[in-house]
Amino acid sequence: PRRDDDAKTDQRDHRARIAEARRHPDELDESRFRAGIGGGAGLLAGLGSAECLAIGDGLEALIDPVDQNFVYGCSQYGECFRSSNGGDSSSDFTGATVSSRRNWLTPLQFDPASPAVLYYAGNQVNRSVDKGVHWTVMSPDLTGGPGRDSNYPFGTVTTVAAAKTDSNRVLAGTDDGRLWFTTNLGTNWTRVTDSDVPGTWVTRVTVDPVNALVAYATFSGFRSGMPLPYVLMTADGGATWKMQFKNSNPKAFFDALAFWDKTHGVAMSDPVDGKYVLIETTDGETWKPMATDKMPAAKTGEAAFAAS
């Protein structure tokens with residue numbers, strides 16, 4: 001979670017930089033351009049070259065797995081772009097979405113059953129069924145409202161995940177610890193009240209690719225002054241949750257989570273003391289540290305938030 005003493009000014013300056021860069025593309029600062037690519041706003045076009053899709057700190061970046069001409073990239077505070085020609089040109093679709101607050105890392109995700117369907121969330125979840133051209137809001141404000149710090153847009157959705165095998169089922173988590181699910185594509189949302197849910201920043205939710213009733217969520221207490229992160233699982237679609245992992249390393253917080261079948265998954269923390277920190281499950285129930293001795297050393301400040 002990012003802290004910023006003057007985030008309102010930061011947001012205004014960021015939008016001004018985007019507008020200026022698009023008016024004068026030949027005058028872009030090359031070093032900043034490369035930093036944007038490194039963060040993810042730039043889209044890698046090949047092993048030896050790159051194309052810029054969005055200007056600013058790179059956050060979400062998506063490539064349509066069916067038609068790679070369709071690419072999407074976001075910079076800070078949910079400023080997101082789409083391209084239908086592989087990144088040769090792009091357009092900002094942020095204004096087509098509905099939200100009054102947007103997180104530094106605003107979630108943008110494909111529906112795993114169809115890349116033509118995308119989800120985007122500020123403090124409300126939005127859905128597009130035409131590759132990001134048009135958007136429909138599908139939730140009320142899922143947060144407890146704006147945070148106490150008026151200089152930063154707390155009170156935002158931080159993660160969204162749709163079920164591959166049930167197109168009506170979507171989960172969402174927020175920076176103020178709320179975990180939600182809908183079983184009817186947003187007509188109704190249910191807030192999770194299970195006592196095992198820690199009520200801290202929800203860093204990631206993901207749904208089992210085979211069983212829509214099984215899902216996982218990671219939580220970080222960093223903002224709340226409780227540094228220990230958690231991994232929880234539900235087997236009944238979100239009604240009840242079971243604590244699967246409580247980290248013992250106060251320097252690690254797991255904010256990237258991915259599963260490739262119903263039993264095999266990986267969670268990744270930001271690096272600790274120059275080393276990557278990962279845990280894995282091979283049975284969908286228990287977690288253990290992964291060996292990382294063969295991985296390269298982590299660079300200072302390198303983060304894991306976009307790893308999944």
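Numbers here are sequence positions counted from 1.
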message = On a heavy-atom basis, which atom in Phe181 and which in Ala239 lie closest, and how many Å separate them?
response = CE2-N, 3.9 Å

ask   = Mind checking whether Trp104 and Tyr77 have ring centres under 6.0 Å apart?
value = yes

inquiry  = Hydrophobic cluster membership, with links at side-chain heavy-atom distances under 4.5 Å among I/L/V/M/F/W/Y: are Val207 and Val125 in one?
reply    = no

key: Short side-chain to backbone donor-acceptor contact, Gln124 and Ser99, under 3.5 Å   = no

inquiry  = Could you report the tightest heavy-atom contact between Val157 and Ala172, atom names first, then the distance?
reply    = CG1-CB, 4.2 Å

key: Gap between atom CH2 of Trp180 and atom CZ of Arg191 - 0.5 Å precision   = 6.0 Å

query = Is any side-chain heavy atom of Leu142 less than 4.5 Å from a side-chain heavy atom of Pro140?
reply = yes

ask   = Passes side-chain contact (heavy atoms from CB on, under 4.5 Å), Leu62 versus Leu118? Steps please.
value = CA-CA 10 Å; Leu62 303 176; Leu118 293 101; 4.1 Å; yes

query = Within the distance-only criterion (no hydrogens, no angle test), does the side chain of Thr182 pair as donor or acceptor with the backbone N or O of Val170 below 3.5 angstrom?
reply = no

query = Atom CG in Leu278, atom CE in Met268: separation rounded to 0.5 Å?
reply = 5.0 Å

key: Geometric class of the Trp135/Phe93 ring pair [parallel <30°, tilted 30-60°, perpendicular >60°]   = parallel

request  = Check step by step if side-chain contact (heavy atoms from CB on, under 4.5 Å) holds for Val117 and Arg127.
outcome  = CA-CA 7 Å; Val117 179; Arg127 183 174 185 260; 3.6 Å; yes

request  = Give me the one residue out of Thr97, Thr94, Asn123, Thr156 that meets side-chain hydrogen bond (donor to acceptor under 3.5 Å, both in side chains) with Arg102.
outcome  = Thr97

Backbone N/O of Val202 and side chain of Thr158: donor-acceptor pair under 3.5 Å = yes

task = Quick one: pull up CZ in Phe81 and CG in Leu108 and give me the separation to the nearest 0.5 Å.
result = 12.5 Å

query = If Ile, Leu, Val, Met, Phe, Trp and Tyr residues are connected whenever their side-chain heavy atoms lie under 4.5 Å apart, and connections chain through other members, are Leu171 and Val160 in the same group?
reply = no

task = Could you tell me whether His264 atom NE2 has more than 12 heavy atoms of other residues or ligands within 6.0 Å of it?
result = yes

request  = Answer yes or no: is there a side-chain heavy-atom contact under 4.5 Å between Val214 and Met233?
outcome  = yes

ask   = Is it true that a side-chain atom of Ser128 and a backbone atom of His134 form a donor plus acceptor pair closer than 3.5 Å?
value = yes

message = Measuring from atom CE of Met138 to atom CG of Asn184, what distance do you get when rounded to the nearest 0.5 angstrom?
response = 8.5 Å

key: Pairwise side-chain hydrogen bond (donor to acceptor under 3.5 Å, both in side chains) hits with a residue in residues 163-172, at least two apart   = none

key: Nearest-0.5 Å distance, CZ of residue Phe70 to CD1 of residue Ile63   = 13.5 Å

inquiry  = Please check: side-chain N/O of Tyr120 versus main-chain N/O of Gly78, any donor-acceptor pairing under 3.5 Å?
reply    = yes

inquiry  = So, taking the atom named OG1 in Thr282 and the one named CG in Asp261, what distance separates them when rounded to the nearest 0.5 Å?
reply    = 10.0 Å

message = Please check this pair: side chain of Tyr72 against backbone of Lys131, looking for a donor-acceptor N/O pair closer than 3.5 Å.
response = yes

task = Check whether any side-chain N or O of Thr174 sits under 3.5 Å from a backbone N or O of Thr143 as a donor-acceptor pair, and report yes or no.
result = no

Shortest non-hydrogen contact from Thr292 toward Tyr276 = OG1-O, 3.5 Å

message = Please check this pair: side chain of Gln244 against backbone of Gly284, looking for a donor-acceptor N/O pair closer than 3.5 Å.
response = yes

task = Would you check if Asp194 and Leu232 make a side-chain contact, meaning some heavy-atom pair closer than 4.5 Å?
result = no

key: Under the ring-ring contact (aromatic ring centres under 6.0 Å, His included) test, residues paired with Tyr216 that sit two or more places apart   = Phe259

inquiry  = Checking the side chain of Thr281 only, and the main-chain atoms of Thr286 only, is there a donor and an acceptor separated by less than 3.5 Å?
reply    = yes

message = Quick check: do Asp236 and Leu213 have side-chain heavy atoms less than 4.5 Å from each other?
response = no

Audit row: Thr218, Val231, side-chain contact (heavy atoms from CB on, under 4.5 Å) steps and yes/no = CA-CA 5 Å; Thr218 53; Val231 178; 3.9 Å; yes

Side chain proximity check, Arg101 to Pro146, heavy atoms < 4.5 angstrom = yes

query = Would a distance-only check, ignoring hydrogens and angles, find a side-chain to backbone donor-acceptor pair under 3.5 Å from Thr200 to Phe219?
reply = no

query = Can you find a heavy atom in the side chain of Asn126 that is under 4.5 Å from one in the side chain of Val98?
reply = yes

key: Considering all heavy atoms, the nearest Gly86-Val71 contact   = C-CG2, 4.1 Å

